[in-house]
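For clarity, every value in this text was computed on a predicted model and none was experimentally measured. Hydrogens, waters and symmetry mates are skipped; everything else that's a heavy atom, side chains included, is used. All chains are named by letter (A, B, ...) in the order of the sequence lines, taking the proteins before the strands, and each is independently numbered beginning at 1.
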2 protein chains.
Amino acid sequence: MESPVTDAPETDGPRARAKRESLRRILVAASARLRREGLEGAAIAPVMKAAGLTHGAFYAHFRDKDELAVAAFRQAFATERERWIGATRDRSWPARARRLAARYLTARHRDDPGAGCAFAALATDAARAPDAFRAAYGQELRATLAAIRGAPDDDPMRPPPLDHAAAMLALCVGGLSLARAVNDPELSERLLSACRDAAERLAQADAAAAPPD
Amino acid sequence: MESPVTDAPETDGPRARAKRESLRRILVAASARLRREGLEGAAIAPVMKAAGLTHGAFYAHFRDKDELAVAAFRQAFATERERWIGATRDRSWPARARRLAARYLTARHRDDPGAGCAFAALATDAARAPDAFRAAYGQELRATLAAIRGAPDDDPMRPPPLDHAAAMLALCVGGLSLARAVNDPELSERLLSACRDAAERLAQADAAAAPPD
DNA sequence: TGTTTCGCATGATGCGCATCATATGGAATC
DNA sequence: GATTCCATATGATGCGCATCATGCGAAACA
């Protein structure tokens, strides 16, 4: 269970501190490269170089490449889940959904996968990845769905059903992935706006199907 | 523009016929492997072996690996667009959309990417692929959206707007991709059914927003 | 029938990559 | 202050891959 993420105490010598700092730089570099280049593309040597180290130092931090992939994937969410999902204080599901789609389905997000959502960046890669990675993908997905819903099930606020959050995220991930896959700028823009609009319609239909209170 | 697909005349000797037959086998093998293993995974030697040839014969059919990828991608749609989109004769958009989602978002489709939709199998790979591949992706996407809509714009049947078809496909592609990425069978199943249900709600909202006649 | 063509096979070549073996130099420990 | 760690660097090793060079044999053609 213990993954080599930055979860160590602060109280130790410059030796351990330096190692933790190295690990942090490795994870930052890896999580960006992973999202930009994919699971196969994020090679060890370039990642280590980007972290200011050489390839040999890698094995002081991780057992193998797969372990790095899992840690870097998790790092991406530790850093930026809030940024895309946002703990919005909006009460109604349509308002929350509109906000999610408006943040997620943008040209800016499409054009900077290295800083964006790892679900969209790695969806098809994950399907071909080893079990440990797919397990992490599932756990982060569950956590993200919980964040989208925004309140525990027994909260008087009545969060949207898990299924509604899941479909909304699927719409966003699918729209962003297609918009990235396509060369034609007009079609790409059209995909983003079509999905933004559809998110709005869908959330309103969701609300009608499961009234807020 | 001339891509080396099977579009040659039937009237020539056994020499050309044999070559066309080889090409066909290469494309079939490549399009399955491409969807199963991704752009990087579909290596030349294994594909040629699966086609009953050796790696050396490859360059009699394609200039390089990228050209094969484009041809194999197109092949996937030439063969199986009908299968997922289906030229359904249903008149209403909700009925058409329900049918699309019911065919697309299945465990069978999820578990056999080699025979499934190439959009979902290669979405994130395409974002990192060379321009020629991305251009093909866009063209096939446009053609697929037209098939989903089912009628030309000036048809009295009033097809759903392009944007509605695009969002519906994004929902399907996103749902299938997430369901494949995840390890947990329960979550995976949940994603499929959540998106099927959402497709239904969305299509009904679509119909309300743009009445059929 | 002799010559040319060309689809295919065999066998390099070279590169990028993951991983390992070994060395080093400065903390940590006594 | 001497010894032990250990994070890092350097430099193999071996593999998979794309691509190219070369040869063969049967069809195409004169």
Could you pull out all donor-acceptor pairs under 3.5 Å where a side-chain atom in residues 115-128 of chain B meets a protein atom, sequence neighbours excluded?
| residue | atom | partner | partner atom | Å |
| --- | --- | --- | --- | --- |
| B:Thr124 | OG1 | A:Thr124 | OG1 | 2.3 |
| B:Thr124 | OG1 | A:Asp125 | OD1 | 3.0 |
| B:Asp125 | OD1 | A:Thr124 | OG1 | 3.0 |
| B:Asp125 | OD1 | A:Arg128 | NH2 | 2.7 |
| B:Asp125 | OD2 | A:Arg128 | NH2 | 3.0 |
| B:Asp125 | OD2 | B:Leu39 | N | 3.4 |
| B:Arg128 | NE | A:Glu37 | O | 3.4 |
| B:Arg128 | NH1 | A:Ala121 | O | 3.4 |
| B:Arg128 | NH2 | A:Asp125 | OD1 | 2.7 |
| B:Arg128 | NH2 | A:Asp125 | OD2 | 3.0 |

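- Shown for residues 41-55 of chain A: residues whose heavy atoms fall under 4.0 angstrom of DNA chain D, namely A:Leu53, A:Thr54, A:His55.
- Among residues two or more places apart in sequence or in another chain, the side-chain hydrogen bond (donor to acceptor under 3.5 Å, both in side chains) test is passed with A:Thr79 by A:Gln75.
- At a threshold of 4.0 angstrom between heavy atoms, the contacts of B:Tyr59 include nucleobase atoms, whether or not backbone atoms are also involved.
- A heavy-atom distance below 4.5 Å is found between the side chains of B:Phe77 and B:Thr144.
- On the nucleic acid side, DNA chain C has its first and last nucleotide under 4.0 Å of a heavy atom of chain B at C:dC6 to C:dG11, going 5' to 3'.
- Taking A:Glu21 as the reference, A:Arg24 meet the side-chain hydrogen bond (donor to acceptor under 3.5 Å, both in side chains) condition, with sequence neighbours excluded.
- Each of B:Phe58 and A:Ala18 lies near DNA chain D, and the nucleotide nearest A:Ala18 is the one positioned closer to the 5' end.
- Applying the ring-ring contact (aromatic ring centres under 6.0 Å, His included) test to every pair with at least one member in residues 18-57 of chain B, sequence neighbours left out, gives no pairs at all.
- Under the side-chain hydrogen bond (donor to acceptor under 3.5 Å, both in side chains) criterion, A:Asp184 pairs with B:Arg142, sequence neighbours left out.
- For residues 107-124 of chain A, every residue pair satisfying the salt bridge (charged side-chain N to carboxylate O under 4.0 Å, His left out) rule, not counting sequence neighbours, is listed here: A:Arg110-A:Glu189.
- By the ring pair (Phe, Tyr, Trp, His ring centres under 6.0 Å) test, A:His109 is found to be paired with A:Trp84, A:Tyr104, residues two or more places apart in sequence or in another chain being considered.
- Listed by residue number, the members of residues 123-133 of chain B with any heavy atom below 4.0 angstrom from DNA chain D form an empty set.
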Which donor-acceptor pairs under 3.5 Å do side chains of residues 162-175 of chain B form with protein atoms, sequence neighbours excluded?
| residue | atom | partner | partner atom | Å |
| --- | --- | --- | --- | --- |
| B:Asp163 | OD1 | A:Arg190 | NE | 2.5 |
| B:Asp163 | OD1 | A:Arg190 | NH2 | 3.1 |
| B:His164 | NE2 | A:Arg201 | NH2 | 3.4 |

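- Applying the side-chain hydrogen bond (donor to acceptor under 3.5 Å, both in side chains) criterion to B:Glu140, with sequence neighbours excluded, gives B:Arg74, B:Arg81.
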